[in-house]
Amino acid sequence: MIKTPEGPVPTTAQDWNELWKARQTLRISPRDAAYWDKRAQTFGHKDTPDSYARRFLSLAEMQPDETVFDMGCGTGNLAVLLGQSGHTVLAADFSQVMLDKLEENLREAQVDSVEAMRLSWEDDWAAAGLGPDSFDVCMASRSIATDDLRSALLKLTAVARRRVCITLATGVSPRVDGRLMGRLGIQVPQSMDAVYALAILSDEGYLPKLTYINTKRNDRFASFDEAMEHFTGMVDMAMRDAINAPDRDEALRRLRVWLDDNVLPDGDGLTVRNPRDVDWAFVWWDK
Ligand SMILES: C[S@@+](CC[C@H](N)C(=O)[O-])C[C@H]1O[C@@H](n2cnc3c(N)ncnc32)[C@H](O)[C@@H]1O
């Protein structure tokens with residue numbers, strides 16, 4: 001870091017990585033495998049509309065027959081599509097329940113060119129058999145939740161032969177509706193994850209490029225009470241991270257008023273008036 005009158009300024013990949021690590025300590029949501037095992041039960045289309053996965057793969061500019069390493073594959077939103085397009089894929093995740101669901105989805109789609117592997121960002125990848133240049137393209141879609149961002153980016157780069165593609169969060173956490181929190185008077189810090197990745201990669205001599213993938217989240221509920229419970233959980237998550245938070249009772253009172261105005265009948269359930277935008281930063285670089 002260079003010392004300036006305004007404070008230290010990061011100049012190297014290591015500096016940016018230290019800032020990333022410091023920021024990770026402020027994150028409120030759990031990030032262990034047990035948390036993701038639980039989320040695997042409901043993880044799927046709602047979290048990854050087909051259009052997101054298709055956009056991701058089109059930005060990756062996949063060439064026919066290219067092999068792929070999909071790190072943090074979850075239930076296989078990318079891996080299944082890749083397998084259906086004839087690619088050979090190694091799909092890795094540290095959550096066994098995610099991998100079980102992936103296998104189920106592969107069977108359902110009758111895809112047999114995708115292999116599942118239990119692996120975490122923190123593991124020794126060489127010991128797990130992932131040598132240099134093992135796959136044409138390496139991907140990490142919305143899955144870089146590690147303390148050591150530089151190590152994660154370099155591990156992916158080492159394994160890739162042609163290109164690496166990742167997505168990172170923008171704005172407030174994707175689990176939180178920033179628009180609604182603003183209405184409730186809860187100021188949640190914006191995330192700038194891609195900035196760290198761009199700085200680290202540039203300093204390592206790569207030419208990372210950036211674009212965005214927009215998705216719409218349209219939550220559905222069986223009842224008003226279920227909607228209230230869902231958004232109360234979101235308020236609690238956001239308030240722990242808030243810069244200035246009103247008291248919880250006041251936030252929940254405002255939430256109920258907002259839901260009264262914004263929850264609409266939809267088929268045999270309920271939905272929120274305007275789907276919310278979740279934008280993902282898509283960063284890619286070539287070897
Ligand atoms: C939001 S999901 C994304 C799944 C999939 N890539 C997609 O875009 O639909 C994040 C995934 O990253 C995995 N993950 C999170 N931290 C990880 C870690 N430290 N090592 C390996 N996988 C991790 C989770 O288990 C989960 O499956």
Side-chain angles (χ1 to χ4, degrees), residues 36 39-40 42-121 123 125 128-146 152-153 155-169 174 197 208-215 278 280-287:
W36 286 105
R39 276 206 67 191
T42 53
F43 195 81
H45 192 71
K46 190 181 76 170
D47 295 276
T48 303
D50 211 35
S51 56
Y52 165 90
R54 289 188 189 283
R55 182 81 184 120
F56 187 113
L57 296 180
S58 123
L59 289 168
E61 299 174 312
M62 297 298 304
Q63 309 298 309
D65 297 330
E66 278 192 318
T67 57
V68 180
F69 175 54
D70 177 9
M71 180 58 195
C73 59
T75 56
N77 289 307
L78 296 181
V80 173
L81 280 179
L82 283 163
Q84 284 173 325
S85 315
H87 296 282
T88 299
V89 181
L90 178 63
D93 205 288
F94 74 163
S95 155
Q96 187 55 52
V97 184
M98 286 283 184
L99 293 175
D100 293 345
K101 290 258 172 196
L102 163 72
E103 303 268 21
E104 208 177 295
N105 292 338
L106 290 170
R107 269 193 303 277
E108 220 167 84
Q110 299 184 328
V111 168
D112 60 10
S113 59
V114 178
E115 190 193 331
M117 180 191 221
R118 185 122 185 236
L119 183 78
S120 98
W121 284 108
D123 288 342
W125 288 15
L130 293 167
D133 301 346
S134 309
F135 295 88
D136 293 308
V137 179
C138 286
M139 301 177 172
S141 161
R142 317 181 310 161
S143 67
I144 303 190
T146 71
L153 297 174
K155 275 171 144 172
L156 277 179
T157 307
V159 173
R161 226 180 338 255
R162 178 177 73 84
R163 175 169 287 187
V164 184
C165 305
I166 62 173
T167 43
L168 296 163
K209 294 170 249 334
L210 167 70
T211 188
Y212 295 92
I213 301 179
N214 172 261
T215 64
V278 178
W280 292 94
F282 180 93
V283 177
W284 76 104
W285 62 103
D286 289 329
K287 288 287 285 286

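Here, residue 1 is the first one in the sequence, and each next residue gets the next number.
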### Message
side-chain contact (heavy atoms from CB on, under 4.5 Å) for R55 and T215? Distances and angles first, verdict last.
### Response
CA-CA 10 Å; R55 182 81 184 120; T215 64; over 6 Å; no
### Query
Which is it for F135 and T88 under the side-chain contact (heavy atoms from CB on, under 4.5 Å) test, yes or no, and what are the steps along the way?
CA-CA 9 Å; F135 295 88; T88 299; over 6 Å; no
#### Entry: Evaluation steps, side-chain contact (heavy atoms from CB on, under 4.5 Å), between R161 and K287
CA-CA 7 Å; R161 226 180 338 255; K287 288 287 285 286; over 6 Å; no
### Message
side-chain contact (heavy atoms from CB on, under 4.5 Å), that's the test. Do L106 and D112 meet it? Break it down for me.
### Response
CA-CA 7 Å; L106 290 170; D112 60 10; over 6 Å; no
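Here the straight-line distance linking atom OG of S134 with atom CG of L90 works out to 9.0 Å at 0.5 Å rounding. Atoms CG and CH2, on L210 and W284 in that order, are 7.5 Å from each other to the nearest 0.5 Å. Rounding to the nearest 0.5 Å places OG of S143 at 9.0 Å from CD1 of I166. Here L82 contributes atom CG and H87 contributes atom NE2; the two are 5.5 Å apart, rounded to the nearest 0.5 Å. Remark: E115 CD to L102 CG distance equals 11.0 Å, nearest 0.5 Å. Going from atom CG of L156 over to atom CH2 of W125 covers 4.5 Å, rounded to the nearest 0.5 Å.
In this structure, R142 satisfies the cation-pi test against Y52, with its NZ or CZ atom closer than 6.0 Å to the six-membered ring centre and inside 45 degrees of the ring normal.
Taking both residues in full, the closest heavy atoms of G83 and V111 are given as CA-CG1, 3.7 Å, listed atom of the first, atom of the second, then distance. When all heavy atoms of M117 and A128 are compared, the closest pair comes out as CE-O, 3.2 Å. Contact detail for F94 and S120: the closest heavy-atom pair is CB-CB, 3.6 Å. The two residues A79 and V114 have their closest heavy-atom pair at O-CG2, 3.5 Å.
No donor-acceptor pair closer than 3.5 Å links the side chain of D93 to the backbone N or O of L99. In this structure, the side chain of W121 does not engage the main chain of K155 through any donor-acceptor pair within 3.5 Å. Here the side chain of N105 pairs a donor or acceptor atom with the backbone of T75 at under 3.5 angstrom.
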Kindly list each side-chain donor-acceptor pair under 3.5 angstrom involving residues 59-69, sequence neighbours excluded, with atom names and distances?
{"unit_1": "E61", "atom_1": "OE1", "unit_2": "R163", "atom_2": "NH1", "d": "2.6"}
{"unit_1": "E61", "atom_1": "OE1", "unit_2": "R163", "atom_2": "NH2", "d": "3.2"}
{"unit_1": "Q63", "atom_1": "NE2", "unit_2": "E61", "atom_2": "O", "d": "2.9"}
{"unit_1": "E66", "atom_1": "OE1", "unit_2": "Q63", "atom_2": "N", "d": "3.0"}
{"unit_1": "E66", "atom_1": "OE1", "unit_2": "R162", "atom_2": "NE", "d": "3.4"}
{"unit_1": "E66", "atom_1": "OE1", "unit_2": "R162", "atom_2": "NH2", "d": "3.0"}
{"unit_1": "E66", "atom_1": "OE2", "unit_2": "R162", "atom_2": "NE", "d": "2.6"}
{"unit_1": "T67", "atom_1": "OG1", "unit_2": "D136", "atom_2": "N", "d": "3.0"}
{"unit_1": "T67", "atom_1": "OG1", "unit_2": "D136", "atom_2": "OD2", "d": "3.2"}

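Residue S141 forms a side chain to side chain contact (heavy atoms under 4.5 Å, CB included) with just one option from L78, L57, I213, L168, and that option is L78.
No hydrogens or angles considered: a donor-acceptor pair under 3.5 Å links the side chains of W285 and T157.
Taking 4.5 Å as the limit, some side-chain heavy atom of L119 sits within range of a side-chain heavy atom of M71.
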